[in-house]
Amino acid sequence: MGDSNSHWPGPASTPEHGTGCETGRKEKIHNADERLSTIRHEIDAVDQDLLDLFNRRAALSCEVGRIKAGSPGIIFRPVREKEVLDSLAARNPGPLPEDHLRAIWREIFSSSRALQRPQNVAYLGPEGTFSYFAGVEYLGHAATFHPCNDIAQVFEEVASGRCELGVVPLENSLQGTVGVSFDLFLKHEVFIQAELFSRISHCLLSNAPSLAAVRTVYSHPQPLAQCGTWLRTHLPNAGLVPVESTAAAAQRAAQGPDQEHAAAIGHGKLADLAGLGTLASRIEDEPGNWTRFVIIGPKASTAQGGKIQNPQPGHGGADKTSLLFTLPDKAGALSRVLDLLAGHGINMRKLESRPMRGQCWKYVFFADVESDLEDPRHADLLVQLGHACTGFRILGSYPTGPQLDRLDLHTDEPEQKES
């Protein structure tokens, strides 16, 4: 019996076994810590290399600025920037995602432009509106953004030269054209430099502890309407208060006397600016809501009195052109313009008429075509279009814009904190 007991694993063997496991675990942790330390040192070295390269690039940007110091031209070159982005994306082996790469380089471009010359950008304010966030995401944080009271003031700031660029909403995928923007192109000699498409996704911002505590919701009338179904479902008893902007709504929710029971609807990034939390995300009734913004700036007109000047030599890289034109009041006048474009294999993406201010029952046409009409190969076509129209003006040739704030519309569901 003593022999059999000698082979039975007694209590004394348990600590030895436990000690072995503990030792192995500590060795793994030690090895992981050593590897993490090594990786951090490698990251530090890469960061130093990046810092050196960024400063080298910045020095080159400063030199470009000195060379261009006597030139009145616009520093912003969207065609060149798109070429660089596309080239980098094509050569990117990963694992850096392409959208990360493009976001990083937009900020690099922003810094480069600011080093060449301070860049003032007008937008429909106040800070925190969708126009503001669209401008910052596309033009970068190094630009200086100036809020305007309305879209008309954005055009005035750019036309007067007080701001080099302006961010203007042009049309929405659900609600159509922003008519005032088109009308202001008739009033001011400003031109489209670039475009971008920004997803309009609304969040419920508040310092209330839960949805149940919300009694008042502030926002611009448009977001209130776009989130109507969600509001009726989740906040049926809350009062809806329209205000002048989503940014103003956030300010009221954050600083008003009823802030513990108030909320605002606006851009998700507005929460940080206003010091609010996010009670619910993606609360819009229609997820496919996008706004097309254009970046406007002053430059020489391509049309004078309906007679088309020669395009700039070497102009290229753009793949889209926006036009406005007026026609003689006779049968086939519009068809003549369409036939000229079709005959040159140019696809028209948009055509819209607007009433001409001060002339009853007279209209001006706006069009987007898929081609760079300022390219020299289209010189003859421009002459023919000028003769077919009573007035013809190119608003700008530019690259097709990126879609910013893209989300997977099939998988993203609204999120909210119920209680």
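Only this structure's heavy atoms are used, side chains among them; waters, hydrogens and symmetry mates stay out.
Between E164 and R113 there is no salt bridge, since no side-chain N of the basic residue sits under 4.0 Å from a carboxylate O of the acidic one. No salt bridge links D319 with K82; every basic N to acidic carboxylate O contact stays at or beyond 4.0 Å. Between D258 and R252 no salt bridge is recorded (no basic side-chain N to carboxylate O distance below 4.0 Å).
Cation-pi check for R77 over F109 is not met; the charged atom does not lie both under 6.0 angstrom from the ring centroid and within 45 degrees of its normal.
Rounding to the nearest 0.5 angstrom, the gap separating the CH2 atom in W105 from the NE2 atom in H100 is 13.5 Å. The distance from the CG atom of D285 to the OG1 atom of T229 is 3.5 Å, given to the nearest 0.5 Å. Between atom CD of residue E157 and atom OH of residue Y123 there is a gap of 12.0 Å, rounded to the nearest 0.5 Å.
Residue-environment remark: CZ (R162) exceeds the threshold of 12 foreign heavy atoms within 6.0 Å. Shown here is R57, whose CZ atom has more than 12 heavy atoms of other residues, nucleotides or ligands within 6.0 Å. Around CG of N149, the count of heavy atoms belonging to other residues, nucleotides or ligands within 6.0 Å does not exceed 12. The neighbour count for K362 NZ, taken as heavy atoms of other residues, nucleotides or ligands under 6.0 Å away, does not exceed 12. Other residues, nucleotides and ligands contribute more than 12 heavy atoms inside 6.0 Å of the CG atom of D99. Residue K187 qualifies as open at atom NZ: its count of foreign heavy atoms under 6.0 Å is 12 or below. Residue Q175 places its CD atom among more than 12 non-hydrogen atoms of other residues, nucleotides or ligands, all under 6.0 Å distant. Environment of CZ in R354: crowded, with over 12 heavy atoms of neighbouring residues, nucleotides or ligands closer than 6.0 Å.
When all heavy atoms of T291 and P169 are compared, the pair lying nearest together is CG2-CB, 4.2 Å. The minimum heavy-atom distance between L124 and I151, with the atom names listed, is CD1-N, 3.9 Å. Of all heavy-atom pairs spanning T246 and T129, the tightest one is OG1-CA, 3.9 Å. Closest heavy-atom contact between V158 and G297: CG1-CA, 3.6 Å. The two residues V337 and C389 make their nearest non-hydrogen contact at CG2-SG, 3.8 Å.
With hydrogens and angles ignored, the 3.5 Å screen pairs no side-chain donor or acceptor of N92 with any backbone N or O of L88. With hydrogens and angles ignored, the 3.5 Å screen pairs a side-chain donor or acceptor of S206 with a backbone N or O of A262. A donor-acceptor contact shorter than 3.5 Å links the side chain of H261 to the backbone of A213.
The closest side-chain donor-acceptor pair between H141 and E107 falls under 3.5 angstrom. Of the N and O atoms on the side chains of S198 and Y138, not one donor lies less than 3.5 Å from an acceptor on the other residue. Counting only N and O atoms by type, the side chains of D44 and Q48 include no donor and acceptor under 3.5 Å apart.
For H202 and F130, the gap between ring centers is short of 6.0 Å.
Of the listed residues (P287, S201, C203), just one forms a side-chain contact (heavy atoms from CB on, under 4.5 Å) with R282, and that residue is S201. For the side chain to side chain donor-acceptor pair (under 3.5 Å) with D368, the qualifying choice from R349, R292, K350 is R292, the only one to do so.
No side-chain heavy atom of F366 sits less than 4.5 Å from a side-chain heavy atom of S322. Taking 4.5 Å as the limit, every side-chain heavy atom of S219 sits out of range of all side-chain heavy atoms of Q226. Residues W230 and L204 are in side-chain contact: their nearest non-hydrogen atoms beyond the backbone lie under 4.5 Å apart. Side chains of F392 and L382 form a contact here, defined as non-hydrogen atoms less than 4.5 Å apart. For the pair L273/Y132, a side-chain contact is recorded, criterion being any heavy-atom separation below 4.5 Å from C-beta on. Looking only at side-chain heavy atoms (C-beta outward), L270 and E127 stay at 4.5 Å or farther from each other. Between L170 and F185 there is a side-chain heavy-atom pair separated by less than 4.5 Å. Counting heavy atoms from C-beta outward, L205 and Y218 have side chains that stay 4.5 Å or more apart.
Contacts of V369 classified as side chain to side chain contact (heavy atoms under 4.5 Å, CB included), with partners at least two apart in sequence or in another chain: T321, L323, L341, I346, M348, L373. With sequence neighbours excluded, the residues satisfying side chain to side chain contact (heavy atoms under 4.5 Å, CB included) with N31 are E34. The side chain to side chain contact (heavy atoms under 4.5 Å, CB included) test applied to A142 returns S110, A114, not counting sequence neighbours.
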